[in-house]
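As a basis for the values below, the full set of heavy atoms in this structure was taken, side chains included, without hydrogen atoms, waters or symmetry mates. Residue numbers begin at 1 in each chain, while the letters A, B, ... track the order of the sequences.
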Amino acid sequence: MKIYNGATGWRFEDFRPVTVTGMGVLSAAASGIEAFGRSLKEGRSGIGYLQGLTYPDGQPLIGAELREEGLQESFRRYEGDLSRNAGRLFRISGKSVKASALAGAEAWQQAKLNVSRPEAERIGLIIAGSNISPAVSYAAMMECGHQLELLHPRYALNYMDTHQLGVLSEMFGIQGEGATIGGASASGNAAVLRAAQLIQLGIVDVCMVIGPLADLSPLELQGFLNIGAYGGRSFHDAPAAACRPFDSRHEGFIFGQASACLILEGADSAQARQVEVLATIAGGAAALDGHSLSDPSEDGQVRTMEQALRTAGIAPSVIDYINAHGTSTPLGDVTELKSISRVFGGQLSHIRLNSTKALTGHCLYAAGVVEAVATILQLQGDFLHPLPSLEDPISREHYFASSLAEPAEFTYGLSNSYGFGGINTSIIIRKGAS
Amino acid sequence: MNKDQVLEIMKSKMIDILPDLTAEQIHREASMKDLGANSIDRFDIISDTMDELNIKIPLLQFGSLKNIGEVVDFLHENL
């Protein structure tokens with residue numbers, strides 16, 4: 001088999017097809033895939049205020065916060081499918097691990113892995129992100145103060161991102177390859193790509209991809225405020241309107257908490273287990289700009305989208321829909337639109353475009369996975385989710401979503417995620433089986 | 001609060017963490033390790049018990065205690 005073809009990189013069709021057989025999600029606006037699909041259709045935002053945090057002027061910080069209350073009850077219905085001590089593991093875990101477990105359990109069930117599954121060694125686990133739960137360290141510091149000897153020994157385990165790998169693999173009985181994949185705000189897409197490679201190479205048959213909820217401490221959020229990246233100052237009384245990707249009044253990103261899970265599976269494995277294929281990962285690429293700051297790069301984004309199209313073996317005109325990175329940051333939004341124009345040129349009048357962050361806020365490490373879920377729900381449900389906060393678009397050239405959901409028949413969707421440090425990623429998702 | 005009450009709290013925490021145990025197995029002479037509690041479980045049991053008793057003692061101080069009875073006595077002394 002020829003797998004390397006020079007400058008074009010690897011073509012997905014030269015490898016084992018990678019399908020999506022399960023999805024799970026937990027967001028501030030909706031818990032579960034069905035409710036999340038409805039919230040997308042209705043254009044319902046989960047953005048409100050973050051408890052206990054403020055802008056420099058003392059106003060409460062706008063963001064989408066997932067409440068921890070009630071998660072244990074929600075998890076109970078899955079416990080029967082999982083390892084014996086899953087309930088206790090859940091109870092002693094932090095908020096991010098809890099959210100990961102819930103999204104994972106929903107996807108596991110949808111993929112019918114609770115009914116039939118490959119051997120444990122043939123199932124992989126990829127967790128998106130790094131520095132996922134700095135709130136854990138912050139809380140421990142606050143609790144112990146200067147008496148560090150009071151620190152609970154469990155801290156040595158649970159401050160690490162890889163704790164999520166340990167807990168989830170124990171709950172779900174996963175024994176194949178596992179890792180956390182960090183890529184700042186591009187982590188979700190980077191994780192999907194890594195999981196797809198594990199399946200393409202035959203290292204695993206099924207791979208659980210988790211986009212974990214970012215459990216930030218006041219330090220990280222203050223950092224984003226101080227660097228000038230955080231938005232919402234003009235929207236104190238209307239938090240749902242604060243995240244406005246591609247609108248002339250965009251001011252910066254708004255933090256959102258969500259967790260999401262995709263079950264990726266080799267097409268042969270999905271067929272053998274007779275499970276429904278929800279979508280196919282048709283292509284994708286990741287590339288660095290070669291700079292260390294937060295600025296986006298048009299060249300890097302163009303290169304990455306073009307490479308993703310090549311890996312999928314499709315022309316730009318085949319893409320029907322783009323789920324943009326679209327964080328509501330002035331420079332970021334403008335740069336991404338320019339990149340899209342360069343790649344899709346004459347196709348702009350038919351390619352529909354939205355950004356799920358308008359409704360969820362920016363879910364950081366989970367963003368790529370949340371947006372892959374949103375893309376698949378739109379491909380499956382034949383609709384385009386609205387952008388309620390888009391009142392005065394910064395471009396007349398692009399065909400944005402409107403203020404209400406629209407019927408749409410998409411076959412190919414492209415989803416962008418970009419991260420600080422010049423990290424660019426694009427994935428291409430095809431409706432249904434390949 | 002007397003030592004028996006401390007022991008009852010500790011029993012409930014142990015069963016919570018090690019659901020295979022029965023209350024009868026947990027007595028002053030037994031050691032947590034022999035009952036199947038690993039090192040992290042043992043810290044969790046003591047930590048959960050201290051939370052309920054509303055006391056804070058560095059966990060390293062429990063290292064030399066040989067059985068459940070000695071843990072109960074040490075907790076009781078620090079109430």
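No more than 12 heavy atoms of other residues, nucleotides or ligands lie within 6.0 Å of CD in A:E143, so this atom counts as exposed by the packing criterion. Within 6.0 Å of atom CD in A:E119, 12 or fewer heavy atoms from other residues, nucleotides or ligands are found, so the atom counts as exposed in its surroundings. Remark: A:E34 CD is loosely packed, at most 12 non-hydrogen atoms of other residues, nucleotides or ligands lying under 6.0 Å away. Within a 6.0 Å radius of OH in A:Y159, no more than 12 heavy atoms belonging to other residues, nucleotides or ligands are found.
One finds no salt bridge joining A:R88 and B:D16 here, because no Lys/Arg side-chain nitrogen approaches an Asp/Glu carboxylate oxygen to under 4.0 Å.
With rounding to the nearest 0.5 angstrom, the CD1 atom of A:I92 is 8.5 Å from the CG atom of B:D48. Taking NZ of B:K56 as the start and CD of A:Q147 as the end, the distance is 8.0 Å to the nearest 0.5 Å.
Between B:P58 and A:L150, the shortest heavy-atom contact is N-CD2, 3.5 Å. Of all the heavy atoms in B:L59 and A:P153, the pair that sits closest is CD1-CD, 3.0 Å.
The shortest distance between side-chain heavy atoms of A:R154 and B:D44 falls below 4.5 Å. A:R84 places a side-chain heavy atom less than 4.5 Å from the side chain of B:D20.
Contacts between A:L148 and chain B at a heavy-atom distance below 4.5 Å are absent for every atom of the residue. Contacts between B:I17 and chain A at a heavy-atom distance below 4.5 Å involve backbone atoms as well as side-chain atoms.
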